[in-house]
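Here's the structure we're looking at; comments come further down.
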Protein chains: 2
Amino acid sequence: MSDSVGLRERKKAATRAALSAAANRLAIEHGVDHVTVEAIAAAADVSPRTFHNYFSSREEAIVAGVVDWANALTDKLRDRPADEPIWDALLAVLLDSVDDRPEAKARWKAQSEMIMANPSVVASQLAALDGMRRRVAEVVAERTGTDPDRDLYPRLTGGSAAQALKAALDLWISGKTDRGIKELIVEAFELLRAGLPEPSQSR
Amino acid sequence: MSDSVGLRERKKAATRAALSAAANRLAIEHGVDHVTVEAIAAAADVSPRTFHNYFSSREEAIVAGVVDWANALTDKLRDRPADEPIWDALLAVLLDSVDDRPEAKARWKAQSEMIMANPSVVASQLAALDGMRRRVAEVVAERTGTDPDRDLYPRLTGGSAAQALKAALDLWISGKTDRGIKELIVEAFELLRAGLPEPSQSR
DNA sequence: ATCAAATCTTGCAGAAGCCGAAAACATTCG
DNA sequence: CGAATGTTTTCGGCTTCTGCAAGATTTGAT
């Protein structure tokens with residue numbers, strides 16, 4: 001049936017989604033500094049106090065979409081065949097998760113500009129990326145038989161993959177390249193897997 | 001003479017240092033949530049309003065020491081001989097900058113626990129690390145003849161080096177290993193330079 | 001040494017964030 | 001239905017952060 005998860009849970013999820021969507025949209029439209037919790041709550045039709053039952057800060061609500069995206073990504077990573085080489089699995093999941101259409105690029109760009117304009121939102125976005133790093137490290141540890149608490153390998157693999165994604169996205173969004181996002185991610189992964197060799201300075 | 005940099009500048013630097021030291025110390029002693037701007041300002045003998053002339057948030061003051069440390073690190077990187085391979089320069093600077101004595105470890109540990117207990121301070125610390133990443137990327141670009149705005153290479157190298165430092169420090173502080181911090185950093189760099197090969201699962 | 005300009009500190013006032021407690025409301029399940 | 005449980009709201013209070021203007025300090029020129 002449709003209510004395998006009960007009305008209550010569905011309403012909570014809906015409220016949370018409405019709040020984060022409103023926060024993100026209003027921040028992009030008017031700038032982070034001109035959006036109050038009161039306005040976000042009003043847009044989602046709840047009281048300001050309810051906003052703080054879901055998110056402990058404005059920043060958290062604004063980047064909630066990114067967090068959800070990253071969580072979905074690690075879930076997909078868990079679904080990959082266990083015998084697939086870890087880097088292949090990581091690359092496949094990333095390529096599958098990014099949207100390379102021009103509209104998506106425009107959305108990312110608008111969101112990115114909004115985020116960059118406010119240091120505390122930048123910090124929250126980095127926290128979201130670090131959450132992804134940690135979750136990826138856990139999956140990497142599971143799949144490679146390493147220990148996320150005692151080995152450097154899963155930590156570094158998660159961290160490097162996160163940095164690869166960030167580097168590729170930042171460059172793509174900046175408009176300083178003609179290459180597509182998927183192409184950039186592939187290149188970033190190739191660089192990592194090659195051990196980031198120093199380019200020969202032909203000067 | 002001693003006043004090659006004017007009384008005014010020296011006083012400002014002293015006030016800034018006193019504020020960040022007080023913020024850090026009080027946060028470790030009483031927990032971030034129990035330290036008010038008022039208390040920090042009182043400990044540094046200035047008014048609360050003056051605190052906000054130096055730092056735009058409590059978190060910023062608490063992690064200011066880390067930011068300064070990271071800035072010193074990139075300055076040292078610039079001082080390395082230009083023909084030294086970039087990874088050698090990075091490793092040398094990191095090993096030179098970390099303090100591996102037991103007292104230092106205890107300090108790092110106390111500070112780390114304080115930071116972890118508060119999400120917004122965690123976010124600020126990650127922002128500091130990202131600042132280091134960006135600065136390292138700039139130096140890497142200078143030294144390798146690449147473009148920090150158009151090439152993935154410096155972005156990834158800076159990001160990976162930052163993650164290597166973070167992974168090594170986190171593991172060291174966690175107490176889950178007997179190895180020293182310098183040893184861990186060396187190992188992290190070796191893993192990166194080898195392209196993070198998947199460990200063979202001998203299970 | 002004195003004065004004027006530049007800079008820094010401070011107090012004040014106000015907008016907004018954040019959180020605890022308790023009342024009001026909604027849903028679940030017996 | 002009705003009790004138990006979970007969610008939203010109202011309210012009060014404290015803290016953060018910022019703009020502004022007045023007062024204090026430093027600087028550099030005369």
Side-chain angles (χ1 to χ4, degrees), chain A residues 1-24 26-27 29-64 117-124 127, chain B residues 1-20 22-24 26-27 30-64 117-124 127:
Chain A
M1 291 306 175
S2 67
D3 61 2
S4 67
V5 286
L7 174 60
R8 205 159 240 168
E9 278 185 64
R10 265 181 294 138
K11 274 197 169 179
K12 276 198 78 168
T15 300
R16 192 191 149 85
L19 281 170
S20 72
N24 196 270
L26 291 175
E29 274 175 24
H30 306 121
V32 176
D33 296 334
H34 297 106
V35 177
T36 63
V37 167
E38 196 180 350
I40 297 169
D45 252 309
V46 293
S47 73
R49 187 61 181 83
T50 293
F51 174 91
H52 281 111
N53 288 339
Y54 284 88
F55 300 103
S56 62
S57 70
R58 224 165 66 262
E59 291 76 28
E60 194 181 321
I62 291 173
V63 303
N118 186 299
S120 69
V121 184
V122 171
S124 292
Chain B
M1 293 302 177
S2 66
D3 62 3
S4 65
V5 287
L7 174 61
R8 198 160 244 164
E9 277 185 68
R10 266 182 293 139
K11 274 198 171 180
K12 278 197 76 170
T15 300
R16 194 192 147 84
L19 281 170
S20 72
N24 197 270
L26 291 175
H30 306 120
V32 176
D33 296 333
H34 298 106
V35 178
T36 62
V37 167
E38 197 180 348
I40 298 169
D45 254 308
V46 294
S47 72
R49 186 62 184 85
T50 294
F51 173 90
H52 281 111
N53 288 341
Y54 284 87
F55 300 103
S56 62
S57 70
R58 221 167 66 262
E59 291 75 30
E60 194 180 321
I62 291 174
V63 303
N118 187 299
S120 70
V121 183
V122 170
S124 292

* Check each residue of residues 41-48 of chain A for a non-hydrogen atom within less than 4.0 Å of any atom in DNA chain D, then write out the ones that pass by number, or none. => A/V46, A/S47
* To do: Check every nucleotide of DNA chain C for an atom under 4.0 Å from a heavy-atom of chain B, then give the first and the last such nucleotide from 5' to 3'.
  => C/dA6 to C/dC12
* By side chain to side chain donor-acceptor pair (under 3.5 Å), which residues pair with A/T36, not counting sequence neighbours? -> none
* To do: For A/N118 and D/dC17, give me the distance from atom CG to atom P, rounded to whole Å.
  => 12 Å
* To do: Compute the angle between the rotation axes at the two ends of the helix from C/dA1-D/dT30 to C/dG30-D/dC1, each taken over five pairs, rounded to 10 degrees.
  => 20°
* Write down the distance between CG (A/D33) and C1' (D/dC17), rounded to a whole number of angstrom. => 11 Å
* Once each nucleotide of nucleotides 19-30 of chain D is scored for protein heavy atoms under 4.0 Å, what B/S/- sequence comes out, 5' to 3'? -> BB----BBS---
* Stretch residues 54-61 of chain A: residues that reach within less than 4.0 Å of DNA chain C through a heavy atom -> A/S56, A/S57, A/R58
* **Qualifying salt bridge (charged side-chain N to carboxylate O under 4.0 Å, His left out) pairs, either residue in residues 29-57 of chain A, two or more places apart** => A/R25-A/E29
* Asked: Reckon A/T50 touches a base, only the sugar-phosphate, or nothing at all at heavy-atom distances under 4.0 Å?
  -> base
* Is any side-chain heavy atom of B/R58 closer than 4.5 Å to a side-chain heavy atom of B/V32? -> yes
* **Residue list, side-chain contact (heavy atoms from CB on, under 4.5 Å) with A/A18, at least two apart or on another chain** => A/A44
* Structure fact -> Sequence neighbours excluded, the answer for side chain to side chain donor-acceptor pair (under 3.5 Å) partners of B/T15 is none
* To do: Can you sort out the partners of A/Y54 under ring pair (Phe, Tyr, Trp, His ring centres under 6.0 Å), two or more places apart, ordered by chain and number?
  => none
